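Worksheet for the structure shown next.
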Amino acid sequence: MKERSECMNRIWIEELPKYLHQEVTVEGWLHRVRKLGKLAFLLIKDTTGMVQGVVTGKPEWLQDIAPEQAVRVHGSVSASNQQALGVELQISEIVVLGKVYKDLPFELNQEEIGAGLEHVLDHRVLSLRHPKTAAIFKIQDGVIKAFRDFLHQEKFTEIHTPKIVATGTEGGSELFEIKYFEQTAYLAQSPQFYKQMAMGAGLQRVFEVAPVYRAEPHNTSRHLSEFISLDLEMGFISGLNDVLSLEERLLEYVFAYLQEYMSKELAMFQAQLPKVGQIPRLRIKEIDRILQKEYGKSLEILDLDSESERLICEYMMKETGSEFVFATHYGKANRPMYTQPSADDQDVTESFDMLFRGLEMNSGAQRVHDYDVLVHNIREKGLQPESFASYLEIFQYGMPPHGGFAIGAERLVCKILGLQNIREAVLFPRDRFRLTP
RNA sequence: GGAGCUGUGGUGUAGCGGCCUAACAUGCCUGCCUGUCACGCAGGAGACCGAGGGUUCAAAUCCCUUCAGCUCCGCCA
């Protein structure tokens, strides 16, 4: 019974102002210890926030108190207009629940962790103790929750597709090969085929939040070997514009959600949320003309390199104030075989990339839904329709026009918060050289 | 896969041929301090300068090799 009543009395730090003048218990970690002779100030943090505790006199146990210990703190809540919370805790007792055995690899109680990213990631678990690092993952959680909520409202069903697959989806990307009993299998680079199959199978609108894997040996501040893909596929569309409009509303919803529930975390990064509204839709050929006119740069193929992405974002920001751009109608040669060719222009496809603050956030398209066209496209790319038999089956049984896209979750969070390196936006990143922790 | 750059106490940096017996900040240890909030003050420990080889009277500093990492390009999200 005693345990139970103690649990009931445990208060989240952000709730403390409601318990003014009451005896409470707080559990969390010590963030900072300031001893001033016969008075000491302890900063205690839990997942909801941070509070200053006051220890008066010089009790024996204070000797053993140190930053990052896991503690249970008993005390009474008193008003304090000096504190952000408006209250502080007059501490009567501290129980150390988890000791600290060695010196910390870097300082956790400064405004920023003053250590290099490599070192920080080597000690990832500890860097996550820093409120600002933890905030990145609260934002990620918010983005994903809003993504789910919005799509559920729109009659989408969340699905889970296999990450161990027999073949690659697009042929181009490098795949991680794995041993699968007596066969060779691969880690999925995209749920593309499966989400189309599930859509056509009758779920009609589907989405998935899951890791995807890319074995490309790139080594940049915006690439990962494993990242979270926010994927969706929608049936019965009348064209690409339906997909773009859905994405506009989705982004609007996500940013409204962050604004409402994540303002504390956003403030830690001085992050300004973008206005979504009507996102400019520019064909690649149009972007080419703009780049030639404004920057004297012309595209060699109907695709954007990263410099072009930066430039067109810069230009549209200047011209329209939009931080987003839909770049549409990429060349047929630069898009996978399941991309719908455009009716009005044989060179291009009903495809798009969403660019945000200079970086590609997602790609998407209307897909080919006609079996004959799809088989034709597969052959045209030099591939064998037979090797796509399980994908192709549903296309022979009433496949509706459809389209979708996939957002890189880490890239979105990275750009929202203005992080320098995408690895900062991953709990335990996997890149070209990192496999632990 | 290609190009460029960086490795100096626990951490972040300075020093870039001799004044280096390697500096500064922070962290750590000891002591003092009843209103701090990056608390303050006094004292202390801690680095053979990534590793190996070479040039030189002299190397943290120049060269080569190697290892580790960063950034950019290609490709992508």
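A, B, ... follow the sequence lines: proteins, then strands. Residue 1 opens every chain. Only a predicted model underlies this, so the values are computations on that prediction, with no experimental measurement involved.
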> When every nucleotide of nucleotides 4-9 of chain B is labelled 5' to 3' by its protein contacts under 4.0 Å (heavy atoms), B for base, S for sugar-phosphate only, - for none, what sequence of letters results?
Replying inline: ------
Using atom [atom1] in both nucleotides, what's the gap between [N] and [M] to the nearest angstrom?
N: B:U66; M: B:A58; atom1: P; value: 26 Å
N: B:G9; M: B:U55; atom1: P; value: 28 Å
N: B:C49; M: B:G10; atom1: P; value: 13 Å
N: B:A45; M: B:A59; atom1: P; value: 28 Å
N: B:U8; M: B:A60; atom1: P; value: 15 Å
N: B:U36; M: B:G46; atom1: C1'; value: 29 Å
N: B:G7; M: B:U61; atom1: P; value: 11 Å
N: B:U30; M: B:A22; atom1: P; value: 26 Å

Taking 4.0 Å as the cut-off, does a side-chain nitrogen or oxygen of [X] come that near to OP1 or OP2 on [N]?
X: A:Asn362; N: B:C76; value: no
X: A:Ser221; N: B:C72; value: yes
X: A:Arg434; N: B:C70; value: no
X: A:Arg34; N: B:A38; value: no
X: A:Arg432; N: B:G1; value: no
X: A:Arg310; N: B:C72; value: no
X: A:Arg32; N: B:C39; value: yes

>> Please compare A:Ser225 and A:Asn421 by the position of their nearest nucleotide in RNA chain B and report the one closer to 5'.
In response: A:Asn421
Atom-pair distance ([atom1] on [X]; [atom2] on [N]), nearest Å:
X: A:Leu311; N: B:C73; atom1: CG; atom2: P; result: 12 Å
X: A:Phe147; N: B:A77; atom1: CZ; atom2: P; result: 15 Å
X: A:Glu216; N: B:G2; atom1: CD; atom2: C1'; result: 16 Å
X: A:Leu30; N: B:C37; atom1: CG; atom2: P; result: 19 Å
X: A:Tyr213; N: B:A77; atom1: OH; atom2: P; result: 17 Å
X: A:His223; N: B:C75; atom1: NE2; atom2: P; result: 10 Å
X: A:Arg214; N: B:G74; atom1: CZ; atom2: P; result: 17 Å
X: A:Leu412; N: B:A77; atom1: CG; atom2: C1'; result: 11 Å

Would you indicate what [X] reaches in the nucleic acid, counting non-hydrogen atoms under 4.0 angstrom: base, sugar-phosphate, or nothing?
X: A:Arg335; answer: nothing
X: A:Asp353; answer: nothing
X: A:Asp431; answer: nothing
X: A:Ser229; answer: nothing
X: A:Arg222; answer: base
X: A:Leu224; answer: base

> Quick one: does A:Arg411's side chain have a donor or acceptor within less than 3.5 Å of a partner on A:Ile422's backbone?
Replying inline: no
> For the side chain of A:His119 and the backbone of A:Pro105, is there at least one donor-acceptor N/O pair under 3.5 Å apart?
Replying inline: yes
> What residues, two or more places apart in sequence or in another chain, satisfy ring pair (Phe, Tyr, Trp, His ring centres under 6.0 Å) together with A:Tyr253?
Replying inline: A:Phe150
> Considering residues at least two apart in sequence or located in another chain, which fulfil the ring pair (Phe, Tyr, Trp, His ring centres under 6.0 Å) criterion with A:His130?
Replying inline: none
>> Can you list every stem that RNA chain B is part of, counting only runs of 3 or more consecutive Watson-Crick or G-U wobble pairs with both distances under 3.5 Å?
In response: B:1-7 with B:67-73, B:10-13 with B:23-26, B:28-32 with B:40-44, B:50-54 with B:62-66
>> Is there a side-chain contact between A:Ile416 and A:Val143 in this structure, where contact means two heavy atoms from C-beta onward sitting under 4.5 Å apart?
In response: yes
>> Contact between A:Asp345 and A:Lys285 at the side-chain level, heavy atoms closer than 4.5 Å - yes or no?
In response: yes
> Of all of residues 104-123 of chain A, which get a heavy atom below 4.0 angstrom from RNA chain B, listed by number?
Replying inline: A:Pro105, A:Glu107, A:Gln110, A:Gly114, A:Ala115, A:Gly116, A:Glu118, A:His119
> Do A:Lys195 and A:Glu233 meet the salt-bridge criterion of a basic N to acidic O distance under 4.0 Å?
Replying inline: yes
> Should the pair A:Phe326 and A:Phe352 be assigned to parallel (<30°), tilted (30 to 60°) or perpendicular (>60°) ring geometry?
Replying inline: perpendicular
>> Can you classify the ring geometry of A:Phe388 versus A:Tyr391 as parallel (below 30°), tilted (30 to 60°) or perpendicular (above 60°)?
In response: perpendicular
Can you name the side-chain contact (heavy atoms from CB on, under 4.5 Å) partners of [X], sequence neighbours left out?
X: A:Lys138; answer: A:Thr47, A:Met262, A:Glu265
X: A:Ser322; answer: A:Pro280, A:Thr320, A:Phe324
X: A:Ser245; answer: A:Arg281
X: A:Ser363; answer: A:Arg335, A:Asp353, A:Glu360

> Taking only residues two or more places apart in sequence or in another chain, which ones pass side chain to side chain donor-acceptor pair (under 3.5 Å) with A:Arg129?
Replying inline: A:Glu68
>> Taking 5.5 Å and 30° as the limits, would you call A:Phe433 and the base of B:G69 a stacked pair?
In response: no
>> Take a 6.0 Å sphere around NZ of A:Lys297 and say whether it holds more than 12 heavy atoms from other residues, nucleotides or ligands.
In response: yes
> Any chance OH of A:Tyr180 has more than 12 other-residue heavy atoms, nucleotides or ligands included, within less than 6.0 Å?
Replying inline: no
> Does the B:C76 base have a donor-acceptor partner in the side chain of A:Arg411 within less than 3.5 Å?
Replying inline: yes
> Hey, does the side-chain of A:His218 have a donor or acceptor N/O within less than 3.5 Å of a partner on the base of B:C73?
Replying inline: no
Report all side-chain donor-acceptor pairs from residues 85-98 of chain A shorter than 3.5 Å, counting only partners two or more places apart or in another chain.
unit_1, atom_1, unit_2, atom_2, d
A:Glu88, OE1, A:Gln52, NE2, 3.1
A:Glu88, OE2, A:Gln90, NE2, 3.4
A:Gln90, NE2, A:Ser78, OG, 3.0
A:Ser92, OG, A:His74, O, 3.2

Pairwise N/O distances under 3.5 Å, protein to nucleotides 31-35 of chain B:
unit_1, atom_1, unit_2, atom_2, d
B:C33, N3, A:Gly37, N, 3.2
B:C33, N4, A:Gly37, N, 3.4
B:U34, OP2, A:Lys38, N, 3.0
B:G35, N1, A:Glu88, OE2, 3.0
B:G35, N2, A:Glu88, OE1, 2.9
B:G35, N2, A:Glu88, OE2, 2.9

